[in-house]
Amino acid sequence: MDKTYQPEQIETRWYERWEADNRFAPSGSGEPYSIMIPPPNVTGSLHMGHAFQDTIMDTLIRWRRMQGHNTLWQIGTDHAGIATQMLVERKIAAEEGKSRHDLGREAFIDKVWEWKQESGGHITRQLRRMGASVDWSRERFTMDDGFYQAVQEVFVRLHEEELIYRGKRLVNWDPTLHTAISDLEVENRDQQGSFWHFRYPLADGVTTDEGRDHLVVATTRPETLLGDTGVAVNPEDPRYASLVGKFVELPLVGRRIPIVADEHADMDKGSGCVKITPAHDFNDYEVGRRQGLPLINVFTQDAAVLERAEAFDIQGRALPDIDPSLPGKYAGLDRFEARTTIVADMEALGLLEQVEAVSNTLPYGDRSGDVIEPLLTDQWFVAVESLARPAIEAVENGDIQFVPKNYENMYFAWMRDLQDWCISRQLWWGHRIPAWYDADGNVYVARSEAEAREKHGLPAELPLTQDEDVLDTWFSSGLWTFGTLGWPEQTPELATFHPSSVLVTGFDIIFFWVARMIMMTLKFTGEVPFKQVYVHGLVRDGQGQKMSKSKGNVLDPIDLIDGIALETLVEKRTGNMMQPQKAKAITKATRAEFPEGIEPHGTDALRFTFLSQATTGRDIKFDMGRLDGYRNFCNKLWNASRYVLMNAEGEDTGLGEEPVELSLADRWIVSRLQQTEAQVTRAMEEFRFDHASQALYDFVWNEYCDWYLELSKPVLWDEGARAAAKRGTRRTLVRVLEAILRLAHPMMPFISEEIWQRVAPLAGTLAMGEDGSIMNQPWPLAEEALIDDRATRDIEWLKGVIVAVRNIRAEMNIAPGKPLEALLTKGRPDDAERLKANRLFLSKLAKLERVEWLDDPEQAPLSATQLVGEMEVLVPMADLIDKDVELARLAKEIEKQEKLIGGIEKKLSNESFVAKAPEAVVEKERGKLADFEASRRLLVEQHEKIEAL
RNA sequence: AGGACCAUAGCUCAGUUGGUUAGAGCGCCACGUUGACAUCGUGGAGGUCGGCGGUUCAAAUCCGCCUGGUCCUACCA
């Protein structure tokens, strides 16, 4: 083995090997265990969130694979409609100076496919770097032929059941992207804005009770005035009761619009009158429906003012009787220009009563960054009510469990207040809606044009045109768990691996994706898509900030693995920015945080860091310090293995017929191994990867390396030690290490494999020359029979004495190597035997050349003293000791004991404590009190002796 | 406005059903290259567990209120 741990070569080498040996595919035997990867965007690249998520999934899959399950980790990518289309549009704009319209639909889509071919492999290559043991042979894409089939099938069947319908509805419209987007893609941002109070003159000479000739309405969006079709007052509002049924004359437009009574109007807000614009506001749309008001759309798809408005009833039928004319001066104005102009015009007319500054929230499209406009458009919808019910029940009755459980509430809250799902998008990239129209506008839904003709008996010569729109990306990814397994065909994979075992996902897409998957999957397979949902938090930077390009705090997982030079990192963070003015600050912050750039850490260390920070459900602040620490851990494991190999390779590791003798230390470490195995397994079962990684770390570093390896040295290096004892120690060294590697493998696949190849033959788990992989070895199973409490207590005693002596050396400034004598007072009955069994270890590890019992404490020489439980370790002072230092140390120790004694005495003198606390608790306190008092007595005696010197 | 989650050492975090001398890693201080490892070893300093109140013999842990933070949902005509 190389002297230093160098992850980069190990990692790529092993991944290629595993993949070539086809070790990721399902074994075909054992209980099925499957995970469907949340498909990353096909043109995306791996970010910290992916890396975190993939680590968790891979850890689960590798663990279950080792447990003997028939594991499938299904891989694939998502076509990601809007994101991908925008990316390619930007690319061709930059490279060719063309828009997608210049190219036309077909040519543009060809371009997207081209781009997919070119860059689609990027993220999957990065996934390999993370060590993800996905079954590449089954890789899917949400727009491949199979998915096309599944999507058509689902759409047509839902339509046949009238669960998909088409209608003219108010939707969130993105004026930049020219498409409807879902509520979930809308981001609400707080803004400072104005609230304009306008006067709307009453028509026909009517006046208010106070004699005014107008009503006052207020709005933050004056431009929508053009589309007002009513003014609402509260039915309970006495001020306006007499005006209900009368009219106002809409300023600037001149339309007569009714005053209606509707509970939407809040008497306590403003004047109590509300302008109603059913075609441009979601609340007003509902008021319009209730009051039978017409819908007047005044905007184009760019959210500019139309020349002539469009009037509809609530069913979306055109209303030819309404005068659609709008004042010509606004035609073509963008909504914000129109706003300014209209406010100015109202003011000129004396109709602007006041302008109030308010803070309000505005909806922004999360992709375009443009302000979203509610717009009346023709769209396709899924009626979700009947789909939601079973989806709610599946979680209620435990068929699907969320981990952590509190996300179930979030799910219920959303599912119980679900709006119909708008599934059409006015994009080109995506699954085109399988609906055809004839010249009269009749709609035919079918799996293909041919089927549409056949189904509806349409003559071949009747021209049909397919719907221009595509489906929401989440419509296809909602079919992910079963679509990837071959549905609508009833494939063996579907039978074996569905429902999947667990979905690993971020809380941010519970609504987008998880809820829809549950609905769609239950509907079409009658099964839940997954039995458990493990929800993880967001990966943030060390300060708890969201990582974003604009903040310049993005870390690339690959850079953490391979390392990156400072200059490259700065360039990466500041290049190609939307807001170049921030570059300077980002450069400065980056140089301050990473003065030397980022060192290579390797994939295993990164994975281990993620796992150690994966506490359920909350966001993680990525900690570079821990990454360094776990890279060191890999190095520790590496070097410990070197030690083991140096002592075991070419030696008898006790596999043959020769007698083997196990020392106390051997029995102790084997015992602790069993407990660690049980601990790690349990943590994995509970998705507590932080506990699993912690248990492994502790065992490897603090017990196996710090103590067991040290304890093995005297045995292996002592000329006089018996051959059987050496064999026993070698066998234990090797076997425990081999088990550690298997335990570590799901978390740290590369280093564990690399070392295991050398260690396994020595441990007898891999025949010499055999071609095996740790990936397919059994997961360590704790054996109750090997747990040895006696050995644990004995080793704890030994450690206590050694630490006490080291402590005295440090405090007294005695060189670590200087041989010392020690005296022990008799503590527990077993201690005599313990001393006998451990003389060798004490002499080597504590550098004690003589250890004796002190039979009569009265006869104790002047000594430095340290407590080990009830026992006292004395190192006779002779010329070694600084009197003042030792006195101070004893005084401090005495004070500590007294404080403890005081606390317990207080408890025990409390009658209610003695009366009400369980007997065992009281006894325990009494026991502690006795111990502390004994310790204090010994310390005080020593103190007095030294003081008298 | 409603709801969720969080607050433990300088930093990042553990802490099962209330009973622990409240832990780990990083950082810090001192000492140390003895034959796995300076990406290391040994020893040490550092916490009134956000605040107040309650339940209890006993609270970091359970309850209420408050403060601070993160996020979600809704509203803002």
Side-chain angles (χ1 to χ4, degrees), chain A residues 1 3-5 188 193 195 217-221 224 231-232 264-266 269-270 273-277 281 283-284 287 358-362 404 406-407 409-410 413-414 417 507-508 510-511 537-538 540 542-544 599 601 605 612-613 615 617-647 686 688 690-691 694 697-698 701-702 705-706 709-710 713 717 803 806-811 813 815-817 844 847 896-897 899-900 903-904 907 910-918 920-922 924-925 928 932:
Chain A
M1 276 173 84
K3 187 162 174 174
T4 47
Y5 163 61
N188 292 304
F195 201 32
V217 296
T219 181
T220 53
R221 293 158 64 213
T224 62
V231 170
H264 172 62
D266 185 336
K269 276 189 190 161
C273 305
V274 196
K275 67 195 264 313
I276 302 297
T277 325
D281 182 283
N283 284 310
D284 292 4
V287 177
V358 289
S359 58
N360 56 353
T361 20
L362 253 56
N406 52 302
Y407 282 102
N409 290 326
M410 190 165 152
W414 193 69
D417 185 31
F507 69 93
D508 47 333
I510 289 182
F511 305 145
L538 220 61
R540 297 170 176 275
Q543 279 70 250
E599 300 183 306
H601 293 87
S612 76
Q613 293 206 270
T615 105
R618 72 155 137 181
D619 289 355
I620 69 170
K621 290 187 209 176
F622 187 81
D623 186 355
M624 286 297 293
R626 289 178 79 153
L627 180 62
D628 290 338
Y630 295 129
R631 189 261 328 264
N632 294 354
F633 176 57
C634 291
N635 186 60
K636 189 74 177 174
L637 183 57
W638 183 263
N639 280 298
S641 304
R642 285 181 58 226
Y643 167 81
V644 172
L645 291 172
M646 282 166 65
N647 285 287
E686 292 169 344
R688 287 306 301 262
D690 55 334
H691 289 171
Q694 178 78 28
Y697 182 100
D698 273 348
W701 201 312
N702 301 332
C705 292
D706 283 354
L709 294 193
E710 294 308 318
K713 288 174 186 175
W717 295 347
V803 168
R806 284 178 183 164
N807 192 302
I808 288 168
R809 283 180 193 274
E811 295 280 348
N813 229 337
K844 298 291 181 190
K847 294 284 182 305
K896 192 174 149 196
Q897 296 299 317
K899 222 167 147 185
L900 292 169
I904 294 179
K907 253 190 202 174
N910 180 343
E911 283 173 32
S912 350
F913 172 71
V914 179
K916 294 192 182 175
V921 173
V922 178
K924 199 173 151 197
E925 292 297 321
K928 281 198 290 192
F932 294 151

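Every chain is numbered from 1 and lettered A, B, ... according to where its sequence line falls, protein lines coming before strand lines.
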Asker: Is B/rC65 paired to anything, Watson-Crick or G-U wobble with both distances less than 3.5 Å, and if yes, which nucleotide?
Answerer: B/rG51
Asker: Both distances under 3.5 Å, Watson-Crick or G-U wobble: report the partner of B/rU20, or none.
Answerer: none
Asker: Looking at B/rG19, B/rU12, B/rU42, which one has an atom nearest to any side-chain atom of A/Val921?
Answerer: B/rG19
Asker: Answer with yes or no whether the side chains of A/Asn283 and A/His264 bring together a donor and an acceptor at under 3.5 Å.
Answerer: no
Asker: Do A/Val921 and A/Phe913 come close enough that some side-chain heavy atom pair is under 4.5 Å?
Answerer: yes
Asker: What is the distance from CZ of A/Arg806 to P of B/rG44, rounded to the nearest Å?
Answerer: 11 Å
Asker: So which nucleotide does B/rG25 pair with, by the Watson-Crick or G-U wobble rule with both distances under 3.5 Å?
Answerer: B/rC11
Asker: Please determine, for B/rU42, whether a Watson-Crick or G-U wobble partner exists with both distances under 3.5 Å, and give it or none.
Answerer: B/rA30
Asker: Among B/rU20, B/rU12, B/rC76, find the nucleotide with the atom closest to the side chain of A/Glu925.
Answerer: B/rU20
Asker: With salt bridge (Lys or Arg N to Asp or Glu O under 4.0 Å) as the criterion, how do A/Asp284 and A/Lys275 come out once you've worked through the C-alpha distance, each side chain's angles and the decisive distance to 0.1 Å?
Answerer: CA-CA 8 Å; A/Asp284 292 4; A/Lys275 67 195 264 313; 5.7 Å; no
Asker: On a plain distance test, is the side chain of A/Glu710 in donor-acceptor contact with the base of B/rA36 below 3.5 Å?
Answerer: yes
Asker: Checking base pairs now: Watson-Crick or wobble, both atom distances under 3.5 Å. What partners B/rU56?
Answerer: none
Asker: Using the P atom as the point on both nucleotides, what is the distance between B/rU12 and B/rA59, in whole Å?
Answerer: 29 Å
Asker: Hunt down the Watson-Crick or G-U wobble partner of B/rA4, both distances under 3.5 Å, from any strand shown, or write none.
Answerer: B/rU70
Asker: So, is A/Lys3 near the phosphate of B/rC37, with a side-chain N or O under 4.0 Å from OP1 or OP2?
Answerer: yes
Asker: Taking only the C1' atom of each, what is the distance from B/rC71 to B/rA24 in whole angstrom?
Answerer: 28 Å
Asker: Do A/Lys907 and A/Val914 have side-chain heavy atoms sitting under 4.5 Å apart?
Answerer: no
Asker: Starting at OH of A/Tyr643 and ending at C1' of B/rU34, how long is that distance when rounded to a whole Å?
Answerer: 13 Å
